[in-house]
Amino acid sequence: MKVRVRFAPSPTGGLHLGGVRTVLYNYLFARANKGEFILRIEDTDQTRFVEGAEKYIMDCLAWCGLEPDESPLKGGPFAPYRQSERKEMYHHYAQMLLDSGHAYYAFDTPEEIEKMRKDHRKDEYTNAQYDHNTRMLMRNSLTLGQEETARLISEGTPYVVRIKMPEHTTVTLTDMIRGEISFDSSLVDDKVLLKADGMPTYHLAVVVDDYLMEITHAFRGEEWLPSAPVHVLLWEYLGWKDRMPQWAHLPLILKPDGNGKLSKRDGDRLGFPVFAMNWTDPKTNEETRGFREMGFMPQAFVNMLAMLGWNDGTAQELFSMEELIAKFSIERVHKGGAKFDFEKAKWFNHQYIQKTDNETLAELAWPFIVEGGVVTNKELLVKVVGLIKDRCTLLPDFWEQGHFFFETPELREKGAILEKWNDQKQQFFAAWAAELTNASTWNQADMEASFNEHATKHGLKKGELMLPFRIMLVGGKYGPGVFAIAELIGKEETLKRINQALEQLLPNQL
RNA sequence: GGCGCGUUGGUCAAUCGGCUAAGACGCCUCCCUUUCACGGAGGAAUGACGGGUUCGAUUCCCGUACGUGCUACCA
């Protein structure tokens, strides 16, 4: 049987990094097994629908290089891939469950249910469930009888369809990560399968669609474990037990400080992204920063996520997509959740920048240079990138670390020159600049030789002059070798910066 | 509260009964570098607790503690 896996998000907002990891594991598993990876949109809750979220999710997958084989956009043999467009299909299966007695109609209003929860709760903290203990107290087809039920339905009374959970049955499932897990069915409530608006809930839809779409392996977050017995029972009641996918409940990604699921809130609070790409809430217009816009390379982002909860048993941490496909195994995924470490995420990106060729880096850095407000050309950028990539961790660093190649910088740290400035140094730079004006060559070796020569002539040590020269060219105490910078920015610009600096320094001395 | 899941340094983690408990991030020291980085060499830092099983438990079992998830006509 062909391996088919699916990622089934609900289009309600930004794509969380945990979601991307789920996609990744799906994708790797599909590729490794020559199977198919499907994107299915779970938009059965119309009250939570968010404009643009579906498109955004697909854009994120494209950026990460994790494109589905079948999706609402691409189509496929099992279309449609949006649950809202599959609405009618679910009714048929709900009816099957109704006919076999595994589900029933319920007419209770939200208020009635609320009252029941309060009236029958066991202690002051816990509300009662709609389950075998309480269902015979409610208004449903079990208590009303066939005739009354038919009447209410024909009159157009709103109703839901609930699963009738059995009592005292142990439901067992084998999870690819956790092994055997058992639940007592008596403790699970009669979950709603079909809502009053005619839409299915996740519970019905996931089972029906996984069956119809011939899903063989289902990966989802650990938060679904408690409702897994409902799904297993549904597969059984619908008569598809032998076709049930193999489950794998992935561990959660936790916040770096304290415990608990990592949320968008934590990112805002601690200053790092949680979403793959920028997300703007169409209602509030609030924008949340994403990894892409913060300057991560998609390969680094993906590699980092792969390692968050999985490793191949060796010390290797850097994997290309091909290596991941070859080496990934669901059995080696951790059971416990992992705290997200932004420092480590940055380390991955730094590694990827180092191993990427300068031409590609120039392409990636280009938008950030443009954002800095200067005009340049690709050839220059390629050279600059080669000179500064060592000290770049995120893509915007190419601007931070290289802006002075494209614009005359402000002498932010001229204080460092002033502290030890004197006439002797002033004269050195004036004289050397004059010499440079007449230089017949322009390369760092010749320049450094002449610099040394002049220093000696003025009775100065090279070491006393290097820092002032750097600040004249760069504006601060950072950047690659000064003579390499001078060579790249050219004679005219170098002289301009020296002379300008000299003008600024002179008055301070008098 | 109930149920499920989990628990090796600050963080990610290896180990599938032999451990003097890898490696990476971060941190600290030194070297390299007349800047900042990169790089190199060192360092501090770990098996939640209590019982078993065993010649031997980080590894297997059982408790306890702690954490976390779920307990909706949300996914």
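So that the names make sense, note that chain A is the first sequence line, chain B the second, and so on, each numbered from 1. All figures in this text were calculated on a predicted structure; none of them were measured in a lab.
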(message) Suppose we define a pair by two distances each less than 3.5 Å, Watson-Crick or G-U wobble; what does B:C19 pair with here?
(response) none

(request) Nearest whole angstrom, please: distance from the C1' of B:G2 to the CE of A:Met165. (result) 15 Å

(request) Take the angle between the ring planes of A:Phe428 and A:Phe451 and call it parallel below 30°, perpendicular above 60°, tilted in between. (result) perpendicular

(request) Go through the steps for A:Glu114 and A:Lys118 under the test salt bridge (Lys or Arg N to Asp or Glu O under 4.0 Å), then give the verdict. (result) CA-CA 6 Å; A:Glu114 193 53 33; A:Lys118 292 255 151 38; 2.8 Å; yes

(message) Give me the distance, rounded to whole Å, that separates B:A14 from B:G51 when you measure between the P atoms they each carry.
(response) 28 Å

(message) Can you check the distance between B:C30 and B:G23, where both ends of the measurement are the P atom (answer in whole Å)?
(response) 23 Å

(message) Looking at A:Tyr130, I'd like to know if the NZ or CZ of A:Arg162 sits under 6.0 Å from its six-membered ring centre while staying within 45 degrees of the ring's axis.
(response) yes

(message) If only side-chain N and O atoms count, and only distance matters, is there a donor-acceptor pair under 3.5 Å linking A:Glu317 with A:Gln351?
(response) no

(message) Taking B:G67 as the reference, what is the distance to B:A75 when you measure between their P atoms (whole Å, please)?
(response) 30 Å

(request) Would you give a per-nucleotide map of nucleotides 26-41 of chain B, 5' to 3', where B means the base has a protein non-hydrogen atom under 4.0 Å away, S means only the sugar-phosphate does, and - means neither? (result) --------BBBBS---

(request) Assert yes or no for the condition that the ring centre distance of A:Tyr25 to A:Phe219 is strictly below 6.0 Å. (result) no

(message) Exactly one of A:Phe406, A:Trp399, A:Phe405 should register a ring pair (Phe, Tyr, Trp, His ring centres under 6.0 Å) with A:His403. Which one does?
(response) A:Trp399

(message) Taking the P atom in each of B:A41 and B:A24, what is the distance between them to the nearest angstrom?
(response) 10 Å

(message) With a 4.0 Å cutoff (strictly under), does any side-chain N or O of A:Asn311 reach OP1 or OP2 of B:A13?
(response) no

(request) Sticking with atom P, work out how far B:C28 lies from B:C66, rounded to a whole angstrom. (result) 35 Å

(request) Scan side-chain atoms only and decide if A:Tyr90 and A:Asp209 contain a donor-acceptor pair under the 3.5 Å cut-off. (result) yes

(message) Using atom C1' in both nucleotides, what's the gap between B:G9 and B:G47 to the nearest angstrom?
(response) 10 Å

(message) Would you measure the distance from the C1' atom in B:U7 across to the matching atom in B:U58 and give it in whole Å?
(response) 12 Å

(request) Dump the intermediate steps for side-chain hydrogen bond (donor to acceptor under 3.5 Å, both in side chains) on A:Gln354 and A:His350, then the final yes or no. (result) CA-CA 6 Å; A:Gln354 302 324 307; A:His350 183 257; 3.2 Å; yes

(request) Name the orientation of the base relative to the sugar in B:C38: syn if the glycosidic angle is within 90° of 0, else anti. (result) syn

(message) Counting only Watson-Crick pairs (N1-N3 plus N6-O4 or O6-N4) and G-U wobbles (N1-O2, O6-N3), all under 3.5 Å, who is the partner of B:U68?
(response) B:G4

(request) Please measure how far the P atom in B:U8 lies from the corresponding atom in B:U53, and state the result in whole Å. (result) 26 Å

(request) Grab the CG-P distance between A:Asn303 and B:A24 for me, whole Å please. (result) 16 Å

(request) May I have the distance from A:Leu187 (atom CG) to B:C5 (atom P), rounded to whole angstrom? (result) 13 Å

(request) Scan A:His334 against the nucleic acid and name what it touches under 4.0 Å (heavy atoms): base, sugar-phosphate only, or nothing. (result) sugar-phosphate

(request) If B:U11 has a Watson-Crick or G-U wobble mate with both distances under 3.5 Å, name it; if not, just say none. (result) B:A24

(request) Rounded to the nearest angstrom, tell me the gap between atom CD in A:Gln316 and atom C1' in B:G23. (result) 12 Å

(request) Say whether A:Thr134 and A:Gln129, considering side chains only, have a donor N or O and an acceptor N or O under 3.5 Å apart. (result) no

(message) Side chain of A:Ala315 only, heavy atoms from C-beta on: which candidate in B:A22, B:C12, B:C5 is closest?
(response) B:A22

(request) Summarise protein proximity over nucleotides 65-75 of chain B in one line of letters, 5' to 3': B for base, S for sugar-phosphate only, - for none, counting protein heavy atoms closer than 4.0 Å. (result) --SSBSSSBBB

(message) Does A:Arg220 reach a base, just sugar-phosphate, or nothing at all? Heavy atoms under 4.0 Å.
(response) nothing

(request) Would you tell me whether A:Arg332 and A:Asn311 have side-chain atoms, one donor and one acceptor, within less than 3.5 Å of each other? (result) yes

